[in-house]
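All values derive from a computational prediction rather than experimental measurement. Counting from 1, the numbers follow the sequence of the chain as shown.
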Amino acid sequence: MGSDFSDYEELVKTKIRETGEKGISQQELARAVGIPVRDVAVIVKKLIERKIVAKKAIKENGKNVIKLFPLKTSDVALYVELRAVNQIPCMTCNILSKCGDGTHISPSTCNKLSFWILDGVGGAS
């Protein structure tokens, strides 16, 4: 497959997305994109590992057929105001270098951090 592998991967992802809830078998996919079934199998395996595609057995015309389905990915944009970062008590803490999970001083035992979190949650409503 060589250097065209990423192009093939995009082509396979697009074709699977186009089928939507209907799904597509690996053989149909190989024919549709014009790539050998063996190469499609390698690409599909990687897409399944990355949770982009799911492989499911369904009944079709009385037979069990394994089809590929796109998994819904959330394209949620998360915006953080940097002004809020400097309000975190940890940013101005004198003992931050000694703080950590499993130590005497930790985020789970810090009163300043707990009050800040509770105040922020309470103030957000």
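Closest of all the heavy-atom pairs between Thr103 and Lys98 is OG1-O, 3.7 Å. Pro36 and Ala30 make their closest contact through C-CB, 4.4 Å (heavy atoms, listed as atom of the first residue, atom of the second, distance). Looking at every heavy atom in both residues, Leu68 comes nearest to Thr19 through O-OG1, 4.4 Å. The minimum heavy-atom distance between Phe69 and Glu21, with the atom names listed, is CE2-O, 3.2 Å. Looking at every heavy atom in both residues, Leu96 comes nearest to Cys90 through CD2-O, 3.5 Å. Nearest approach of Gly100 to Ser106, heavy atoms of both residues: O-CB, 3.1 Å.
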Item to check | Worked verdict on Lys13 versus Glu18 for salt bridge (Lys or Arg N to Asp or Glu O under 4.0 Å) | outcome: CA-CA 9 Å; Lys13 278 196 296 192; Glu18 286 174 1; over 6 Å; no

Next on the checklist: The test is side chain to side chain contact (heavy atoms under 4.5 Å, CB included); show your working for Ile88 and Trp116 and say whether it passes.
Outcome noted: CA-CA 7 Å; Ile88 301 171; Trp116 180 77; 3.5 Å; yes

Next on the checklist: Let's go through Ile16 and Ile24 carefully: what are the C-alpha distance in whole Å and the side-chain angles of both, what is the deciding distance for side chain to side chain contact (heavy atoms under 4.5 Å, CB included) to 0.1 Å, and is it a yes or a no?
Outcome noted: CA-CA 7 Å; Ile16 294 171; Ile24 188 168; 4.2 Å; yes

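Between Lys46 and Glu49 there is no salt bridge, since no side-chain nitrogen of the basic residue lies less than 4.0 Å from a carboxylate oxygen of the acidic one.
Put simply, the side chain of Val12 reaches to within 4.5 Å of the side chain of Leu29, judged on heavy atoms. Considering only heavy atoms from C-beta on, Cys99 comes within 4.5 Å of Pro107 through its side chain.
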Going by atom type alone, with no hydrogens or angles, which donor-acceptor pairs under 3.5 Å involve a side-chain atom of residues 57-67 and a protein atom two or more places apart or on another chain?
{"unit_1": "Glu60", "atom_1": "OE2", "unit_2": "Lys67", "atom_2": "NZ", "d": "2.7"}

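Atom CD1 in Ile43 sits 13.5 Å away from atom CZ in Arg38 (nearest 0.5 Å). Interatomic distance, CZ of Arg50 versus NZ of Lys45, reported as 13.5 Å (0.5 Å rounding). Here NZ of Lys112 is found 14.5 Å from CD1 of Ile117. Values are rounded to the nearest 0.5 Å.
Put simply, Ile95 and Leu113 are part of two different groups of oily side chains (I, L, V, M, F, W, Y) that touch within less than 4.5 Å, one to the next. Taken together through direct or relayed side-chain contacts under 4.5 Å among Ile, Leu, Val, Met, Phe, Trp and Tyr, Ile48 and Val40 form part of one hydrophobic cluster.
Formation of a donor-acceptor pair under 3.5 Å by the Glu10 side chain with backbone atoms of Asp7 is not found in this model. Judged by distance alone, with hydrogens and angles left aside, the side-chain atoms of Thr109 form no donor-acceptor pair with the main-chain N or O of Ile105 at under 3.5 Å.
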